[in-house]
*Asks:* 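So that we are looking at the same thing, I have put the structure below in structure tokens.
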2 protein chains.
Amino acid sequence: MGGHRAQQKEKTRRTIIDAAFRLLNQERSYSSLSLREVTREAGIAPTSFYRHFEDMEELGLTLVDEGGVALRQLMRKARQRIRDQGSVIQTSVETFMEFIQSSPHVFRLLLRERSGTSLAFRKAVSRELQYFVVELADYIQHTQGYPAEEARVQAEAMVILVFNACAEALDCKPAERKLLTEKSIRQLRFVARGADEFLKGRH
Amino acid sequence: MGGHRAQQKEKTRRTIIDAAFRLLNQERSYSSLSLREVTREAGIAPTSFYRHFEDMEELGLTLVDEGGVALRQLMRKARQRIRDQGSVIQTSVETFMEFIQSSPHVFRLLLRERSGTSLAFRKAVSRELQYFVVELADYIQHTQGYPAEEARVQAEAMVILVFNACAEALDCKPAERKLLTEKSIRQLRFVARGADEFLKGRH
DNA sequence: TAAAATTGCGTACAAGTGTACGCTGAAAAA
DNA sequence: TTTTTCAGCGTACACTTGTACGCAATTTTA
């Protein structure tokens, strides 16, 4: 089952994807990657690329998708931790910070393509981040009893703040990262507290 | 005075800078710009570029600087408006939104290079944004009597939220931009209100 | 005035790019 | 078995890129 052929093809496809990820470091962005570079890193002929992807954009979107999967795994992990230890805000921020430490490539890809030149990329990244927003909004809505709209606006603010703190953290040493984590936590608390006050004031 | 020569040189230099800005649209980022493209757009020979800039990075940093000037003008304008009409939050957000409408190239440059591949660029953009943060923090500190630290953390959160809303607005039609503006205002109010509550709670 | 300096141009070259085309060997289908 | 399919390769081509080098014209300096 599977077919020896299809199996081999999938394997090569993965080789390409992994090679591309490997090339995404501090000073290479996806858009600056050439098809030939990727195939060189993957150890295949340039023209073989086309057996797997239409062009570089298609590969890029695949990478973003994989990044999204990693993000959602992260989200699940965070949810578990929140159940275990309580603090939503602290846990979310810390989980994110661990993510950029364990897979900076993935984070950088999402970070850069979020404001990149390809609309398709921007939309894809935005979609991935929305998963997080929805998840968090749900949590807020159910535990705090906020209206859906209100919860969502709040959740979006929080995700943006955490995401930006992580972006900043990429350029930092561990010690400075700790400070950033704390700052970020304070900012999220502002948002949470502020939203709460607005809601109380309305009744 | 000035010297006919130096004067002519400055003129060509401007031609190059303007050409580069002109090329920065939706689907071209600075890092994807080639030296030859810029000189072609500027109407000079490729090799003449070197009479004015060491390399593309130097030109890029010049552009970021010019973008910073535009931002600071914006800031001054906002300050004036706040004096005239009162609401800090609404005015700040609206001024920013007008900025991306009037000079989207400049905003896009800052937005992209903020998470780009060149550390020098990232630092330059970060520095420009810090002007805004400092300014806003000052305002908060003086009108609300917050401690400097607290005001700064709050101001940073606000600038990040506005900046991100603008980034999102770049892909939007005017009608959607209005919604974004409102959402952004609400988020900043959360932050302001939350910070306020935290401070009250401490006494 | 003569000499020096400097902006801008044209040419040239090595290196890198995307991709069209046809071949080969092995797997899948007949 | 014979035939068909197809992943992967090598070659080839037309472009684009950055930049070294020397020349021309004109301004600045001596």
Side-chain angles (χ1 to χ4, degrees), chain A residues 1-25 27-63 112-113 116-121, chain B residues 1-25 27-63 112-113 116-121:
Chain A
M1 79 306 191
H4 183 223
R5 196 142 214 196
Q7 208 172 310
Q8 178 55 39
K9 181 166 183 182
E10 181 54 31
K11 205 170 152 191
T12 309
R13 192 184 138 98
R14 265 248 68 82
T15 307
I16 296 175
I17 292 173
D18 291 343
F21 264 124
R22 231 174 300 131
L23 291 172
L24 290 178
N25 53 32
E27 46 272 323
R28 310 287 282 129
S29 75
Y30 183 77
S31 44
S32 80
L33 238 53
S34 78
L35 184 149
R36 288 177 106 108
E37 264 179 308
V38 173
T39 55
R40 217 178 296 134
E41 173 76 20
I44 62 168
T47 47
S48 300
F49 180 91
Y50 298 106
R51 304 289 187 195
H52 303 272
F53 302 95
E54 181 78 16
D55 51 24
M56 283 293 284
E57 167 137 320
E58 195 180 310
L59 169 60
L61 290 174
T62 306
L63 294 189
R112 293 206 174 117
E113 299 313 325
T117 47
S118 153
L119 180 60
F121 275 36
Chain B
M1 80 307 192
H4 183 223
R5 200 160 218 175
Q7 207 172 312
Q8 178 54 40
K9 181 168 183 181
E10 180 55 33
K11 205 170 151 190
T12 310
R13 191 184 137 97
R14 264 249 69 83
T15 307
I16 296 176
I17 292 174
D18 291 344
F21 264 125
R22 229 174 301 132
L23 291 172
L24 289 179
N25 53 32
E27 47 272 324
R28 308 288 282 121
S29 76
Y30 183 76
S31 44
S32 80
L33 239 54
S34 78
L35 184 149
R36 287 178 106 108
E37 263 179 309
V38 173
T39 56
R40 218 178 294 135
E41 174 77 20
I44 63 169
T47 47
S48 300
F49 180 91
Y50 297 105
R51 305 289 187 196
H52 303 272
F53 301 96
E54 180 78 16
D55 51 24
M56 283 294 284
E57 167 137 317
E58 194 180 311
L59 169 60
L61 290 174
T62 305
L63 294 190
R112 293 205 175 118
E113 299 313 324
T117 47
S118 153
L119 181 59
F121 275 36

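Residue numbers begin at 1 in each chain, while the letters A, B, ... track the order of the sequences.
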*Asks:* Quickly work out the B:Arg13 CZ to C:dG8 P distance and round it to whole Å.
*Replies:*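 Answer to the nearest Å: 12 Å.
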
*Asks:* With respect to the phosphate group of C:dT7, does any side-chain polar atom (N or O) of B:His4 fall under 4.0 Å of OP1 or OP2?
*Replies:*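 No, outside the criterion.
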
*Asks:* Does the side chain of B:Arg112 reach to within under 4.5 Å of the side chain of A:Thr117, using non-hydrogen atoms?
*Replies:*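 In short, these two side chains touch, coming nearer than 4.5 Å.
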
*Asks:* Can you check the A:Ile16 CD1 to D:dA7 C1' distance for me, whole Å?
*Replies:*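 Atom CD1 in A:Ile16 sits about 11 Å away from atom C1' in D:dA7.
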
*Asks:* Rounding to a whole Å, what distance do you find between B:Leu59:CG and D:dT19:P?
*Replies:*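 To the nearest whole Å, that distance equals 13 Å.
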
*Asks:* Do A:Arg13 and A:Thr62 have side chains that get closer than 4.5 Å, going by heavy atoms?
*Replies:*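 SC-SC contact between A:Arg13 and A:Thr62 confirmed.
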
*Asks:* Just the rounded figure in Å: distance from P of C:dC21 to OH of A:Tyr50.
*Replies:*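 Rounded to whole Å, this separation is 13 Å.
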
*Asks:* Report the distance from atom CD of A:Gln7 to atom P of D:dG8, rounded to the nearest whole Å.
*Replies:*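 Rounded to the whole Å, the gap is 13 Å.
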
*Asks:* Looking only at side-chain atoms of B:Gln8, point me to the closest of D:dT17, C:dG8, C:dT19.
*Replies:*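 Among D:dT17, C:dG8, C:dT19, the one nearest the side chain of B:Gln8 is C:dG8.
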
*Asks:* Reckon A:Arg40 touches a base, only the sugar-phosphate, or nothing at all at heavy-atom distances under 4.0 Å?
*Replies:*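 Counting heavy atoms under 4.0 Å across all strands, the contact made by A:Arg40 is with sugar-phosphate only.
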
*Asks:* Treating primed atoms plus P, OP1 and OP2 as sugar-phosphate and everything else as base, which nucleotides of nucleotides 9-15 of chain C get B, S or - for protein heavy atoms under 4.0 Å?
*Replies:* BB-B---

*Asks:* Tell me if the side-chain of B:Arg5 makes a donor-acceptor pair with the base of C:dT7, cut-off 3.5 Å, by modelled atom types.
*Replies:*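 No, no donor-acceptor pair under 3.5 Å.
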
*Asks:* What is the distance, rounded to the nearest whole Å, between atom NE2 of A:His52 and atom P of D:dC6?
*Replies:*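 Atom-to-atom, A:His52 to D:dC6, this comes out as 13 Å.
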
*Asks:* Do B:Lys9 side-chain atoms and B:Arg51 backbone N/O form a donor-acceptor pair below 3.5 Å?
*Replies:*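 Judged by distance alone, yes, a pair lies under 3.5 Å.
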
*Asks:* For the CD atom of A:Gln7 and the NZ atom of A:Lys11, what is their distance to the nearest 0.5 Å?
*Replies:*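 If we round to the nearest 0.5 Å, A:Gln7:CD and A:Lys11:NZ are 8.5 Å apart.
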
*Asks:* Measure from CZ on B:Phe49 to P on D:dA20 and round the result to the nearest Å.
*Replies:*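 That distance rounds to 13 Å.
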
*Asks:* How close or far is atom P of C:dT19 from atom CD of A:Glu57, stated in whole angstroms?
*Replies:*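 From A:Glu57 CD to C:dT19 P: 12 Å.
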
*Asks:* Counting N and O atoms only, with roles assigned by atom type, does the side chain of B:Glu37 sit under 3.5 Å from a partner on the main chain of B:Leu33, one being a donor and the other an acceptor?
*Replies:*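 Between the backbone of B:Leu33 and the side chain of B:Glu37 there is no qualifying donor-acceptor contact (under 3.5 Å).
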
*Asks:* Could you tell me which non-hydrogen atom of B:Met56 sits nearest to which non-hydrogen atom of B:Phe49, and how far apart they are?
*Replies:*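 Looks like SD-CZ, 3.9 Å.
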
*Asks:* Give a yes or no on whether the backbone of A:Leu63 and the side-chain of A:Tyr30 come within a donor-acceptor separation of less than 3.5 Å.
*Replies:*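 No, A:Tyr30 side chain to A:Leu63 backbone: no donor-acceptor pair under 3.5 Å.
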
